[in-house]
Amino acid sequence: MTRIYYTKPSITEREVRYAQDAALHGWGARCYDYIERFEALFCQHLGVKHAIATSSCTGALHMGLAALGVGPGDEVILPDLSWIATVAPVTYLGARPVLVDVLPHTWCLDPQQVERKIGPRTKAIIAVHLYGNMADMDALLDLGRRHGVPVVEDAAEAIGSQWRGQRAGSLGRFGVFSFHGSKTLTTGEGGLFVTQDEDLYEKVLTLSNHGRSRRQSRQFYPDTIGFKYKMSNLEAAIGCGQLERVDELIARKRAIFEGYVEALAPVAAQIAMNPEPVGTVNGYWMPTLVFPRTEPFQRDQLLAIFREEQVDARVFFWPLSELPSFSPHPQHRVSHSLYSRAVNLPSYHDLSADDVGRIAELVIRWLSDG
């Protein structure tokens with residue numbers, strides 16, 4: 001029986017050729033060639049003015065928040081339901097994370113809950129587009145304008161997602177992306193900072209180069225203490241190949257999701273999947289099943305069946321407030337409820353229709369037996 005992995009990258013001869021060229025020739029005067037090309041291609045794809053390639057999405061978020069002036073005593077509002085990489089940079093800067101519950105239908109920030117938490121120390125709001133689902137950017141950006149608080153986008157999982165015709169990551173004060181090997185578009189490891197704001201871009205650019213401003217004429221003279229979160233030319237070479245295929249990669253993710261919807265039609269009344277509200281496009285990074293509260297859901301049972309049948313799957317992200325580093329928030333009922341009754345299904349470029357059918361059949365059989 002062939003094992004079905006939950007994720008694998010799609011690497012073609014194009015990416016290999018670019019990586020080989022970077023390895024052979026991308027040194028000395030050409031050491032930034034693929035990085036600059038990757039950044040330019042991403043600006044074009046997103047419709048933004050500025051991009052900075054980084055070693056991780058976490059690093060991109062860290063520098064972006066630092067450039068906004070986030071520091072000790074400040075507060076940053078973010079969803080309780082997210083991977084720890086969203087909150088870690090807040091703690092690096094000595095600020096206090098303010099965790100907020102999510103909406104049951106999008107799994108993203110609840111704007112009403114956000115407004116209740118905005119106070120004099122609020123320095124930023126982080127909107128996470130979880131699993132490709134778009135947060136309500138109209139409501140969040142309106143909150144930001146009215147309260148004078150920048151809204152930033154953690155679009156790590158949202159390549160291909162759109163809000164009213166604008167791509168995820170391009171709407172907030174800045175956006176960040178991940179190119180981890182599990183993502184729709186990968187460089188192996190890596191991330192990206194993007195913004196339309198010229199001043200913010202210059203601040204992050206300086207921070208990204210150990211605090212050395214590009215306007216500084218003195219060699220090896222940092223203007224401030226910065227960071228070392230640079231993407232390598234080799235990684236960027238792979239990224240360029242991926243970006244030249246980005247429409248294909250996104251379309252395949254959407255096709256896989258639609259395949260799941262069709263294959264799971266017999267049990268559609270018993271499950272929910274990633275939403276795509278009117279006015280949005282979902283990149284469907286990670287197809288997710290959410291079982292209703294009325295159903296007795298034994299997730300470990302379902303995952304055990306997957307393992308027996310050589311199918312990998314993932315649990316939904318833990319609420320951050322359930323982790324030992326943060327205070328419990330049992331009042332965040334939506335976040336805790338979603339986590340306890342959801343699973344991520346395999347999704348990668350070469351996943352076949354037969355594979356999707358095989359996975360769906362296991363879910364259908366398990367629900368029937370239950």
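In this chain, residues are counted from 1 in sequence order.
- Under a cut-off of 6.0 angstrom, the local environment of CZ in Arg121 is sparse, with at most 12 non-hydrogen atoms contributed by other residues, nucleotides or ligands.
- Counting only distance, with no hydrogens or angles, the side chain of Gln113 and the backbone of Leu103 share no donor-acceptor pair below 3.5 Å.
- Arg173 contributes no side-chain N or O that, together with a main-chain N or O of Pro150, makes up a donor-acceptor pair within less than 3.5 Å.
- At distances below 3.5 Å, not a single donor-acceptor pair connects side-chain atoms of His50 with backbone N or O atoms of Thr195.
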**Message:** Assess the residue pair His210 and Phe227 against the criterion (ring pair (Phe, Tyr, Trp, His ring centres under 6.0 Å)); give the C-alpha distance rounded to whole Å, side-chain angles, the decisive distance to 0.1 Å, and a yes or no.
**Reply:** CA-CA 5 Å; His210 280 304; Phe227 301 97; 9.2 Å; no
**Request:** List the steps, then state whether side-chain hydrogen bond (donor to acceptor under 3.5 Å, both in side chains) holds for His129 with Glu157.
**Result:** CA-CA 7 Å; His129 304 311; Glu157 304 165 5; over 6 Å; no
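- Not a single donor-acceptor pair under 3.5 Å links the side chain of Thr86 to the backbone N or O of Ser82.
- Between the side chain of Arg341 and the backbone N or O of Phe291, at least one donor-acceptor pair lies under 3.5 Å.
- Side-chain atoms of Glu13 and Tyr18 include no donor-acceptor pair closer than 3.5 Å.
- To the nearest 0.5 Å, atom CG of residue Asp110 and atom NZ of residue Lys117 are 12.0 Å apart.
- In this structure the side chain of Leu362 never reaches within 4.5 angstrom of the side chain of Ile364, judged on heavy atoms.
- With sequence neighbours excluded, the residues satisfying side-chain contact (heavy atoms from CB on, under 4.5 Å) with His25 are Asp21, Arg30.
- Atoms OG and CD, on Ser170 and Glu153 in that order, are 6.5 Å from each other to the nearest 0.5 Å.
- Residues Ile77 and Leu99 fall into different hydrophobic clusters, defined by Ile, Leu, Val, Met, Phe, Trp and Tyr side chains chained together at heavy-atom separations under 4.5 Å.
- Between Trp107 and Phe316, the angle of the ring planes goes over 60°, which puts this pair in the perpendicular group of the 30/60° scheme.
- For the pair Lys49 and Glu198, the salt-bridge criterion is not met [side-chain N within less than 4.0 Å of a carboxylate O].
- For the residue pair Ile238 and Ala19, the shortest heavy atom distance occurs at CG1-CB, 3.9 Å.
- When every heavy atom of Gly132 is checked against every heavy atom of Asn282, the shortest pair comes out as O-OD1, 3.0 Å.
- The OG atom of Ser213 sits 8.0 Å away from the CG atom of Leu205 when rounded to the nearest 0.5 Å.
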**Request:** Just do the ring pair (Phe, Tyr, Trp, His ring centres under 6.0 Å) check on Tyr339 and Phe317 with the steps written out, would you?
**Result:** CA-CA 6 Å; Tyr339 161 74; Phe317 287 133; 9.8 Å; no
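- With hydrogens and angles ignored, the 3.5 Å screen pairs a side-chain donor or acceptor of Arg167 with a backbone N or O of His45.
- Proximity of Ile271 to Val290: side-chain heavy atoms (C-beta onward) are nowhere separated by under 4.5 Å.
- At a threshold of 4.0 Å, the pair Asp74-Arg96 does not count as salt-bridged, since none of the basic side-chain nitrogens sits closer than that to a carboxylate oxygen.
- A salt bridge links Asp138 to Arg164: one of the charged nitrogens lies within less than 4.0 Å of a carboxylate oxygen.
- A cation-pi geometry, defined here as NZ or CZ lying under 6.0 Å from the six-membered ring centre and within 45° of its normal, does not hold between Arg37 and Phe42.
- Residues Thr54 and Lys230 have side chains not in contact (no heavy-atom distance under 4.5 Å, counting atoms from C-beta outward).
- In terms of heavy atoms, Leu351 sits closest to Ser347 at CD2-CA, 4.2 Å.
- Phe326 approaches Pro97 most closely through the heavy-atom pair CE2-CG, 4.3 Å.
- For Arg358 and Glu309, the salt-bridge test fails: no basic side-chain N is under 4.0 Å from an acidic carboxylate O.
- Thr91 approaches Ala88 most closely through the heavy-atom pair OG1-O, 2.6 Å.
- Taking CZ of Arg254 as the start and CD of Glu276 as the end, the distance is 4.5 Å to the nearest 0.5 Å.
- Residues Leu171 and Leu141 form a side-chain contact, since some pair of their non-hydrogen atoms from C-beta on lies under 4.5 Å apart.
- None of Asp355, Ile4, Leu345 except one satisfies the side-chain contact (heavy atoms from CB on, under 4.5 Å) rule with Val311; the exception is Ile4.
- With Thr184 as reference, Leu249 is the one residue of Val246, Leu249, Thr7 to meet the side-chain contact (heavy atoms from CB on, under 4.5 Å) rule.
- Counting only distance, with no hydrogens or angles, the side chain of Asp80 and the backbone of Ser321 share a donor-acceptor pair below 3.5 Å.
- With rounding to the nearest 0.5 Å, the separation of OG1 in Thr288 from CG in Asn133 is 7.5 Å.
- A salt bridge links Asp142 with Arg146: the closest approach of a Lys/Arg side-chain nitrogen to an acidic carboxylate oxygen falls below 4.0 angstrom.
- Judged by distance alone, with hydrogens and angles left aside, the side-chain atoms of His180 form no donor-acceptor pair with the main-chain N or O of Cys57 at under 3.5 Å.
- Between Asp101 and Arg333, the closest heavy-atom pair is OD2-N, 3.2 Å.
- Note on ring orientation: taking the six-membered ring where Trp is involved, the planes of Phe177 and Phe179 are parallel (angle under 30°, cut-offs 30° and 60°).
- By the 4.5 Å heavy-atom criterion applied to side chains, Glu322 and His329 are not counted as neighbours.
- A donor-acceptor contact shorter than 3.5 Å links the side chain of Lys253 to the backbone of Trp285.
- By the 4.5 Å heavy-atom criterion applied to side chains, Thr106 and Met134 are not counted as neighbours.
- The shortest distance between side-chain heavy atoms of Val315 and Asn344 does not fall below 4.5 Å.
- Tyr34 and Leu243 fall into different hydrophobic clusters, where Ile, Leu, Val, Met, Phe, Trp and Tyr are joined by side-chain heavy atoms under 4.5 Å apart, directly or via other members.
- Here the CG-CG distance, from Leu78 to Leu109, works out to 7.5 Å after rounding to the nearest 0.5 Å.
- With Ser55 contributing its side chain and Gly190 its backbone, the two residues share no donor-acceptor pair below 3.5 Å.
- Residues Leu303 and Leu367 fall within the same hydrophobic cluster, defined by Ile, Leu, Val, Met, Phe, Trp and Tyr side chains chained together at heavy-atom separations under 4.5 Å.
- For Arg245 and Glu15, the salt-bridge test passes: some basic side-chain N is under 4.0 Å from an acidic carboxylate O.
- Met273 places a side-chain heavy atom less than 4.5 Å from the side chain of Pro287.
- One hydrophobic cluster holds both Val204 and Phe174 under the rule that ILVMFWY side chains link at heavy-atom gaps under 4.5 Å.
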